[in-house]
Amino acid sequence: MPEPVVEVDHVFKEYKLGDHMVTALDDVTLTIERGVFLAIAGPSGSGKSTLLNIIGCVDTPSRGRVAIAGHDVSGKTPDQLANLRGRNIGFVFQTFNLFPVLTAAENVEYPLLQMPELDKEDRTERVSAMLDMVGLGKFAKHRPNQLSGGQRQRVAIARALVTHPEIVLADEPTANLDHKTGEGILALMREINRRSRTTFIFSTHDKKVIDAADRLVTIEDGTLRLLGIRKDGQWITTPANRKPAPAAPEI
Amino acid sequence: MYLRERIQEQLKAWLEVARLDFQLALRNVLRQRRRSLFGLVSISGGVVAMLLAAGFFEWNYDAMREGMIRARIGHIQVVKPGYLEAGEADPLSYLIPETAPERELIEAFPAVEIVAPRLTFSGLVSMGESTISFLGEGVVPSAEEKLSGALRIVDGVDLSGPKADEAMLGQGLAQTLGVGVGANVILVVKTSSGGVNAKELRVVGVFGTITKAYDDYALRLPLKTAQELLRVKGVHSWLILLDATSRTDSTLARMQEKIPTNDLEFVPWHKTATADFYNKTVSLFSKQVLVVRIMIALIIVLSISNTMMTNVRERIGEIGTSMALGVTRRVVLRRLLAEGIVMGLVGGIVGAIAGIVLAHVISVIGIPMPPPPGMTSGYTAGIMVTPGIVLNALAIAVGTAFLAGLYPARKASRLNIVDALRQAR
């Protein structure tokens, strides 16, 4: 039985915009199994970023239940959520979001500073391994402004993975990169996914990026529309109808 | 042993956290050079102003204190118990021997430069038709050369020896009597037996001290002459001069420990009646310095909080990112406060160096001052920057910069992560 790493159960997200209430997520139910490479697709304003934020515990649902890596997130304090994020979730942002005052190695090391159980030696070892993995071992001492867009995103991927998280969330990870560099980033993420069984969940509206995934969720107007699984290069989709996502294949 | 290792480990972890926080803070401060420079200049300017203001007052306190100690009262007075409280009404009942084994023990202390006996009395001094009251001091002239270093002889010479029939008059007293060097004056006093005694003395010199009220009534004569006049053998006090005023309390404590006696009382300079004016002056002006410090601290807070607020506003995206990566609100708060501390520390150190140099230059040039109340002539003041003043200014710089960062840091630590991340795009 595949193990669920994300459970979203009848989640609503509403917020006030002027005098109107906007429903960003409308009764979303979704279970994501460990090790999948999942694309959340949909047009701009469809709710994919909101869903990603709620899975990433940087936003809280108005109603419904969310569990990440077996931890129910409802009722947790901001510090408990920060701890949950720091230990279980890695983030890759569309605009890379590296700290400009830190070198590539220091950027990768940054999330580890919240883990007091790791000493300097452990941190250095992990950082070095991660930078080698993303092919930037020689750029450890470079500041972000000395790196290309693709290299910055590789540093961001190393930073997301350095804590050995259960899930990596990537919000349109290739949107700010040229086609070739974007393909390279996707290939790198896919390879890490296959090798480490880390769950990757990314939002996109780019068809080429969707085709790199092995699972698909489409969202429109805050509602899940289709759940897809890729078999023999073809998408087999079913209407979401608030049913759990299909099981992960054996990897 | 286990506990010690745990404490060492914890301490090491804290130091590592502090190192990382301050390293990050320093880099962020250096990032916006022009803005940080403006903040640093505000802090440095404030520290310079604090050093100069406090240093000017300190110079005045020092001049007043040393003038008083080295012209009149010494660092420590040894008297008969009760003399300071009741001696004025019946001074001749509070005599101590001129020499005693205790005095030899005192003289053996390394910090002691000299021990000088004093006999204090009052009476009437006459010259022709003029007769006025005086405050007399019988002194040992050779000892007073060191002890009364701050006493200025404005006319004539010092007393020549311990038995000479000579007197030195305070400037005001000489003026009131209308006498000068070479004139003869007659002193009339009440003796220990209750009778009246008189002696004619030649005025060999006129002196001035920092206190006009003292100079208006004081006269000095050799100790033996004073003892003959009063028909007594003892003295009222032994005045002890130390090599440094700062060693007063520690030397006093050691003396009290090493010379256990119920017949003598050791009184530090700051507890004498003469020091009362100095103590009150310091208390009054210290309040004024405090007001200056508060005003400067407010200026630092206002200028730095604006810089810090702009820094936080520009880095909302980064703060959101760090929170998404698992950094807690408390750590965000701590790291931003560290930036305030770094600014306060750097600005404070730069300001302290500039202030010390400037104080030295101003002191070399001198600040011409008019005669203050109770003094007859003006003087040239300087600026005395002590380690205490520097540490105080640094503490205020760091403290105010920390306070200035409190609101922006708290605001940043309470950011909504989603909104903050949106700003990073």
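Reminder, nothing fancy here: chain letters follow the sequence lines and each chain counts from 1. Given the structure is predicted, the values throughout are model-derived calculations rather than measurements.
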CG of A:D171 to CG of B:L421, rounded to nearest 0.5 Å, is 9.0 Å
Closest non-hydrogen atom pair between A:F93 and B:A324, with its separation: CZ-CB, 4.1 Å
Looking only at A:N83, A:L98, A:L102, most heavy-atom pairs under 4.5 Å shared with chain B are made by A:L102
Measure A:N53 against the heavy atoms of chain B and call it side chain, backbone, both or neither at under 4.5 Å. side chain
Interatomic distance, A:D59 atom CG to B:N416 atom CG [nearest 0.5 angstrom]: 6.5 Å
Would you compute the distance between atom OG1 of B:T328 and atom CG of A:L81 and round it to the nearest 0.5 angstrom? 12.0 Å
Do other residues, nucleotides or ligands put more than 12 heavy atoms under 6.0 Å from A:H142 NE2? yes
Under a 4.5 Å heavy-atom criterion, the part of residues 106-122 of chain A in contact with chain B comprises A:E106, A:Y110, A:P111, A:L113, A:Q114, A:K120
Can you tell me if CD on A:E125 sees more than 12 non-hydrogen neighbours from other groups inside 6.0 Å? no
If you count heavy-atom pairs under 4.5 Å with chain B, which of A:G90, A:G56, A:P100, A:C57 comes out on top? A:P100
What part of B:L20 is in contact with chain A, defined as an atom under 4.5 angstrom from a non-hydrogen atom: side chain, backbone, both or neither? side chain
A quick test of your reading: do over 12 heavy atoms of other residues, nucleotides or ligands sit less than 6.0 Å from CZ of B:R410? no
So which residues of residues 152-161 of chain A are in contact with chain B at a heavy-atom cut-off of under 4.5 Å? A:R159
With B:R247 via side chain to side chain contact (heavy atoms under 4.5 Å, CB included) - residues at least two apart: B:A111, B:D243, B:A244, B:S250, B:T251, B:R254
Honestly, the part of B:V331 sitting under 4.5 Å from a heavy atom of chain A is side chain
Residues of residues 24-52 of chain B contacting chain A, heavy-atom criterion under 4.5 Å, by residue number: B:L24, B:R27, B:N28, B:R31
Of the non-hydrogen atoms in A:R85 and B:M323, which two are nearest, and what is the gap between them? NH2-O, 2.9 Å
Just checking A:K76: does its NZ atom have more than 12 heavy atoms from other residues, nucleotides or ligands closer to it than 6.0 angstrom? yes
Just wondering, are more than 12 heavy atoms of other shown residues or ligands nearer than 6.0 Å to CZ in B:R330? no
Look at atom NE2 of A:H164 and say whether more than 12 heavy atoms of other residues, nucleotides or ligands are closer to it than 6.0 Å. yes
Measure the CZ-CD1 distance between A:F99 and B:I319 for me, rounded to the nearest 0.5 Å. 9.5 Å
I need the minimum non-hydrogen distance between B:V327 and A:A82, along with the two atoms involved. O-CB, 4.0 Å
